[in-house]
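Working notes for the structure below.
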Amino acid sequence: GNSVTQMEGPVTLSEEAFLTINCTYTATGYPSLFWYVQYPGEGLQLLLKATKADDKGSNKGFEATYRKETTSFHLEKGSVQVSDSAVYFCALSILPAGGSYIPTFGRGTSLIVHP
Amino acid sequence: KAGVTQTPRYLIKTRGQQVTLSCSPISGHRSVSWYQQTPGQGLQFLFEYFSETQRNKGNFPGRFSGRQFSNSRSEMNVSTLELGDSALYLCASSLDEGGTDTQYFGPGTRLTVL
């Protein structure tokens with residue numbers, strides 16, 4: 001079956017530090033890949049997505065590149081802010097021909113940014 | 001455009017009771033998916049409804065059911081509640097049926113089973 005593996009957190013950084021959150025996946029076929037962010041007390045919000053190999057998704061300074069050869073979709077940001085403190089979820093979605101899909105999420109990585 | 005709304009936001013029930021949660025999708029969205037989020041299991045897909053029909057279903061017992069109305073609003077029902085059903089239940093809507101379309105999540109309903 002499909003699966004998503006994220007690095008365990010929490011990830012603790014100082015403001016303006018570089019962020020990487022690793023995400024690898026296994027899937028039969030060619031999934032679309034997503035990063036979602038969940039702030040305390042809220043639902044998930046789409047951060048960025050990529051629908052095919054070598055696509056780069058970007059939003060609010062965050063970037064992730066769909067790497068088919070390494071089955072990865074690592075999230076990066078050059079300079080984090082305190083306001084980036086949240087839980088980040090990597091996810092995949094695939095619609096196989098003739099079959100139903102089950103969207104698959106990673107366990108989430110908590111990011112804590114200190115001033 | 002208003003976002004996805006879920007009611008109620010918080011709910012406390014006792015074992016054996018049943019509960020109904022409601023989700024109103026973004027206007028124009030025809031797909032509604034439900035998820036259960038717990039610290040132990042993370043985010044797990046329950047089911048998806050599109051045009052009033054259940055299109056996809058996750059690996060949950062039959063106590064979990066749902067429906068979708070003609071205006072795309074959806075309800076989720078859990079019967080014979082167990083302690084392990086305590087969780088944050090998230091609803092997400094998208095324009096089209098499942099797959100690669102972007103999902104927009106509501107704030108969730110926090111269910112506590114005593």
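Computed from heavy atoms alone, side chains included, the values below leave out hydrogens, waters and symmetry copies. Lettering follows sequence order; numbering is per chain, from 1. Remember, predicted model here, so these are calculated numbers, not experimental data.
The environment of OH in A:Y39 is crowded: more than 12 heavy-atom neighbours from other residues, nucleotides or ligands sit within 6.0 Å. A:E8 CD: 12 or fewer foreign heavy atoms inside a 6.0 Å radius. Heavy-atom contacts from other residues, nucleotides or ligands closer than 6.0 Å to CD of B:Q17 number more than 12. For B:R15, the CZ atom is loosely surrounded, since the number of other residues' heavy atoms within 6.0 Å does not exceed 12. No more than 12 heavy atoms of other residues, nucleotides or ligands shown are found within 6.0 angstrom of CG on B:N59.
The shortest distance between side-chain heavy atoms of A:Q38 and B:L43 does not fall below 4.5 Å. You'll find the side chain of B:Q103 stays beyond 4.5 Å of the side chain of A:L46, heavy atoms only.
One hydrophobic cluster, built from ILVMFWY side chains closer than 4.5 Å, holds both B:L21 and B:L111.
Checking each of B:Y35, B:F105, B:Y104 against A:L44 for a side-chain contact (heavy atoms from CB on, under 4.5 Å) leaves exactly one that passes, namely B:F105.
For A:Q45, no part sits under 4.5 Å from any heavy atom of chain B, backbone or side chain. Heavy atoms of B:Q37 lying under 4.5 Å from chain A belong exclusively to its side chain.
Under the ring-ring contact (aromatic ring centres under 6.0 Å, His included) criterion, B:F60 pairs with B:F64, not counting sequence neighbours.
Of the listed residues (B:A92, B:G40, B:G58, B:G108), the one with the most heavy-atom contacts under 4.5 Å to chain A is B:G40.
Among the residues in residues 64-76 of chain A, none has a non-hydrogen atom closer than 4.5 angstrom to a non-hydrogen atom of chain B.
Between B:F45 and A:F105, the ring center distance fails the sub-6.0 Å criterion.
Pairs engaging residues 38-82 of chain B under the disulfide (SG to SG under 2.5 Å) rule: none recorded [sequence neighbours left out]. Residue pairs meeting the side-chain hydrogen bond (donor to acceptor under 3.5 Å, both in side chains) criterion with at least one member in residues 105-114 of chain B: none, sequence neighbours excluded.
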